[in-house]
Amino acid sequence: MSDQVHLSGPKTFVTIEEHILGQQRSHPTATGSFSWLLSGITLAARIISAKVRRAGILEVLGEAGDVNVHGEQQQKLDILANKTIEQCLGYRGNVGILASEELDHPKVMGGSSGKYVVIFDPLDGSSNIDVNVSVGTIFAIFERDTSNFNGEDPMTDVLQQGHRQVAAGYIVYGSSTVLTYTTGEGVHMFTLDPTVGGFILAQENVRMPESGKMFSVNEGNWNSFPRGIQEYLKWCKSDAAGPYTARYIGSLVADFHRTLLRGGIFLYPPTAKSPTGKLRLLYEADPIAFLAEQAGGKATDGQIRILDKQPTSLHERTPFIVGSVREVERVEEFMRKYAESPVA
Ligand code: AHG
Ligand code: MN
Ligand code: MN
């Protein structure tokens with residue numbers, strides 16, 4: 001066995017900027033405006049990554065001493081990440097509306113020329129920050145309805161169904177910083193190379209395995225799960241099923257990143273504390289669902305395809321089940337079978 005490990009570098013050294021331009025060429029109607037917008041996101045990602053990686057040194061750990069609209073303790077990094085994205089996107093000229101988990105209401109930016117709406121979770125999994133567990137950023141991009149440029153209520157441009165997204169993605173600040181995005185032409189992954197300060201193409205057209213013996217759920221909420229979810233999880237743990245492996249990080253971006261690459265299923269069902277689910281439709285479930293479907297996976301609230309749900313408010317929550325198509329279909333079967341049954 002040779003004692004040399006041959007580390008092959010990337011075959012072609014493609015930056016995310018080059019990749020976006022390439023994607024744009026295949027969109028005859030696309031203008032440079034879209035890649036200009038995405039370059040604002042990659043800039044924000046590099047800045048947030050640097051802050052996350054120096055959290056213990058930069059005095060950005062811990063609570064900011066304030067609560068957000070959800071009554072959740074805001075972490076300093078939630079605020080910093082939110083401000084970074086506002087600064088990197090807000091003045092690009094083509095962003096008309098910014099909406100964030102950390103802002104009570106959407107922000108209309110500058111003049112009415114901004115044709116894009118960017119809705120984001122600036123720091124996902126922030127309760128994990130202080131214990132050095134992976135966290136992330138999630139974004140969804142829509143186009144504004146140009147007939148609404150006369151400054152009417154921006155909410156009509158924010159409350160769009162997920163299938164109208166023109167792009168979506170996440171950044172996971174893990175053992176490396178990985179940016180994954182889709183513009184509806186497949187899912188593409190880039191790794192931040194700190195030596196050059198840029199995102200380099202790691203994997204193009206990522207496909208989620210059709211099935212996977214891994215489930216990801218916070219079983220602490222077991223007693224209040226719907227009966228169908230309880231019966232599905234009991235099946236996963238049975239010898240008939242395998243049993244499956246359980247993995248739960250507690251950061252949606254990290255749990256989904258693993259599911260996208262390895263297959264399996266992530267579930268955040270309704271619970272006693274969050275009867276309509278904990279995760280937010282607009283800036284957690286919708287962008288992740290768009291990526292999942294683009295990679296051949298599936299995403300539902302247990303009854304309805306996530307991307308078909310019509311949002312009625314910015315911070316609306318939803319039950320969320322996402323993963324390999326076979327696994328999600330199996331959960332749906334259990335949900336139908338036990339629809340009328342009381343919680344066990
Ligand atoms: P955020 O930090 O943006 O509020 O998101 C946290 C979410 C999500 O990342 C994760 O899947 C979920 O909260 C974990 O919730 P539990 O701790 O209740 O399992
Ligand atoms: Mn989140
Ligand atoms: Mn968050």
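Both ligands and their constituent atoms are indexed starting at 1 by order of listing.
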S.K.: So for ligand 1, is Tyr248 a polar contact partner (N or O within less than 3.5 Å, distance only)?
M.R.: yes
S.K.: Does any N or O atom in Ser251 lie less than 3.5 angstrom from one in ligand 1, N or O only?
M.R.: no
S.K.: Restricting to non-hydrogen atoms, name the atom on Thr177 and the atom on Ser49 that form the minimum distance, rounded to 0.1 Å.
M.R.: OG1-OG, 2.7 Å
S.K.: Considering the heavy atoms of Leu123, write down every atom of ligand 1 situated less than 4.0 Å from one of them.
M.R.: 2 (O), 3 (O)
S.K.: Compute the shortest N/O to N/O distance between Gly125 and ligand 1 and return yes if it is under 3.5 Å, no if not.
M.R.: yes
S.K.: In terms of atom number and element, which parts of ligand 1 are under 4.0 angstrom from non-hydrogen atoms of Leu252?
M.R.: 8 (C), 9 (O), 10 (C), 11 (O)
S.K.: Taking distance alone, with no angle check, do Ser127 and ligand 1 share an N/O pair under 3.5 Å?
M.R.: no
S.K.: Minimum heavy-atom separation for His315 and Glu101, please, with both atom names.
M.R.: CE1-O, 3.7 Å
S.K.: Using the test salt bridge (Lys or Arg N to Asp or Glu O under 4.0 Å), find all partners of Lys337 that sit at least two apart in sequence or belong to another chain.
M.R.: none
S.K.: In this structure, would Phe225 and Val331 fall into the same cluster of hydrophobic residues linked by side-chain contacts under 4.5 Å?
M.R.: yes
S.K.: Only heavy atoms of Asp121, strictly under 4.0 Å: list the atoms of ligand 1 that pass.
M.R.: 3 (O)
S.K.: So which heavy atom on Val135 is nearest to which on Leu123, and how close?
M.R.: CG2-CD1, 4.2 Å
S.K.: Of all heavy-atom pairs between Leu252 and Asp124, which one has the smallest distance, and what is that distance?
M.R.: N-OD2, 3.1 Å
S.K.: With a cut-off of 2.8 Å, does Glu102 put an N/O/S atom close enough to the Mn ion (ligand 3)?
M.R.: no
S.K.: Which ligand 1 atoms, with their elements, are less than 4.0 angstrom from a heavy-atom of Glu284?
M.R.: 3 (O), 5 (O)
S.K.: Determine which of the N, O or S atoms in Glu284 is closest to the Mn ion (ligand 2) and give its atom name.
M.R.: OE2
S.K.: When you measure from the side chain of Arg144 to the backbone N and O of Lys115, does any donor-acceptor pair fall under 3.5 Å?
M.R.: no
S.K.: Taking all heavy atoms of Leu261 and all of Val206, pick out the closest pair and write down the distance.
M.R.: CD2-CG1, 4.2 Å
S.K.: How far does CD of Glu327 sit from CD1 of Ile265, to the nearest 0.5 angstrom?
M.R.: 6.0 Å
S.K.: Using a strict cut-off of 4.0 Å, indicate which atoms of ligand 1 neighbour a heavy atom of Asn218.
M.R.: 16 (P), 18 (O), 19 (O)
S.K.: Report, in ascending order of atom number, the atoms of ligand 1 lying under 4.0 Å from any heavy atom of Glu101.
M.R.: 1 (P), 3 (O), 4 (O)
S.K.: Where the closest heavy atom to atom 16 (P) of ligand 1 is concerned, which of Glu219, Arg280, Lys273, Lys278 has it?
M.R.: Lys278
S.K.: Quick check on the Mn ion (ligand 3): does Gly125 put an N/O/S atom closer than 2.8 Å to it?
M.R.: no
S.K.: Which atom name would you report as the N, O or S atom of Glu101 nearest the Mn ion (ligand 3)?
M.R.: OE1
S.K.: Once rounded to 10 degrees, what value does the angle at the Mn ion (ligand 2) take between OD1 (Asp124) and OD2 (Asp121)?
M.R.: 100°
S.K.: Tell me whether the rings of Trp235 and Phe334 are parallel (<30°), tilted (30 to 60°) or perpendicular (>60°).
M.R.: tilted
S.K.: Tell me, please: is Leu279 in heavy-atom contact with ligand 1, that is, under 4.0 Å?
M.R.: yes
S.K.: Of all heavy-atom pairs between Val158 and Leu282, which one has the smallest distance, and what is that distance?
M.R.: O-CD2, 3.7 Å
